[in-house]
Amino acid sequence: MAEISGDDMWAMAKVLREKCTVQALNVSQCKLLSSDPAACATQSEEAQRCLTVVHAAALSSCNDTYTAYRDCLVEKRGIFSKCRDVEAKFKECAQAKIKTS
């Protein structure tokens, strides 16, 4: 499994929001209901699994568009408006090819 960098997280943020919202909400809800961190281990593992699946799929199914978008964000110092063209290409690929279940 490839390590997920901060740049990767930045580039995948919108796709993660779309693909992993349920898992993230489950973690948040669990943490609101319990002060014991161990009580939310299952939900946290599911959220981490979703992140890992999305990242692996981005690399395997959308590598060219994903890498171009991530590199653009790095080069443009995270200014999304300067990377909209490559973002659109990655988003199109992600919607078509990245499945979390």
Side-chain angles (χ1 to χ4, degrees):
M1 172 175 57
E3 184 161 328
I4 302 172
S5 71
D7 293 334
D8 290 314
M9 292 292 292
W10 191 250
M12 291 189 305
K14 291 180 181 181
V15 174
L16 288 171
R17 183 179 63 218
E18 178 185 322
K19 305 290 184 180
C20 300
T21 295
V22 170
Q23 294 87 343
L25 288 173
N26 287 343
V27 173
S28 295
Q29 182 179 27
C30 180
K31 288 183 177 189
L32 284 172
L33 297 173
S34 177
S35 60
D36 178 12
C40 302
T42 300
Q43 292 87 344
S44 294
E45 288 171 9
E46 289 172 2
Q48 180 65 38
R49 191 174 310 114
C50 186
L51 168 69
T52 302
V53 166
V54 169
H55 183 248
L59 292 176
S60 66
S61 299
C62 301
N63 189 50
D64 293 343
T65 58
Y66 170 68
T67 302
Y69 181 48
R70 184 195 60 212
D71 292 349
C72 181
L73 288 174
V74 170
E75 181 182 320
K76 304 299 182 186
R77 302 188 191 279
I79 301 173
F80 285 100
S81 62
K82 294 186 177 187
C83 300
R84 294 290 185 218
D85 56 335
V86 289
E87 177 189 20
K89 292 174 185 172
F90 172 54
K91 186 176 179 181
E92 180 181 338
C93 182
Q95 288 176 337
K97 296 182 179 180
I98 296 178
K99 309 293 183 218
T100 57
S101 54

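Quick caveat: nothing in here was measured; it's all calculated off a predicted structure. Along the sequence shown, residues are numbered consecutively beginning with 1.
Once rounded to the nearest 0.5 Å, the distance linking CG of L16 with SG of C50 reads 7.0 Å. Atoms SG and CE, on C62 and M12 in that order, are 12.0 Å from each other to the nearest 0.5 Å. Once rounded to the nearest 0.5 Å, the distance linking CD of Q43 with CG of N26 reads 6.5 Å.
Of all the heavy atoms in F90 and A11, the pair that sits closest is CE2-O, 3.9 Å. In this structure, S61 and C93 approach most closely via the heavy-atom pair O-SG, 3.5 Å. Pairing each heavy atom of K19 with each of Q23, the nearest pair is O-OE1, 3.8 Å. The two residues C30 and A39 make their nearest non-hydrogen contact at SG-O, 3.6 Å. D8 approaches E3 most closely through the heavy-atom pair OD2-O, 3.8 Å. Residues I4 and T52 come closest through the heavy atom pair CD1-CA, 4.4 Å.
By the 4.5 Å heavy-atom criterion applied to side chains, E46 and V22 are not counted as neighbours.
Under a hydrophobic-cluster definition in which Ile, Leu, Val, Met, Phe, Trp and Tyr are linked whenever side-chain heavy atoms come within less than 4.5 Å, directly or via other members, L25 and V15 are assigned to different clusters. If you chain together hydrophobic residues whose side chains sit under 4.5 Å apart, L51 and W10 fall into the same group.
Aromatic ring orientation, Y66 versus H55: perpendicular (interplanar angle above 60°, classes split at 30° and 60°).
Environment of CD in Q95: crowded, with over 12 heavy atoms of neighbouring residues, nucleotides or ligands closer than 6.0 Å. For CD of E18, the number of neighbouring non-hydrogen atoms (other residues, nucleotides, ligands) closer than 6.0 Å is greater than 12.
Partners of D71 by side chain to side chain donor-acceptor pair (under 3.5 Å), not counting sequence neighbours: none found.
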N/O donor to acceptor pairs below 3.5 angstrom from side-chain atoms of residues 73-88, sequence neighbours left out:
{"unit_1": "R84", "atom_1": "NH1", "unit_2": "E87", "atom_2": "OE1", "d": "2.8"}
{"unit_1": "E87", "atom_1": "OE2", "unit_2": "K14", "atom_2": "NZ", "d": "2.8"}

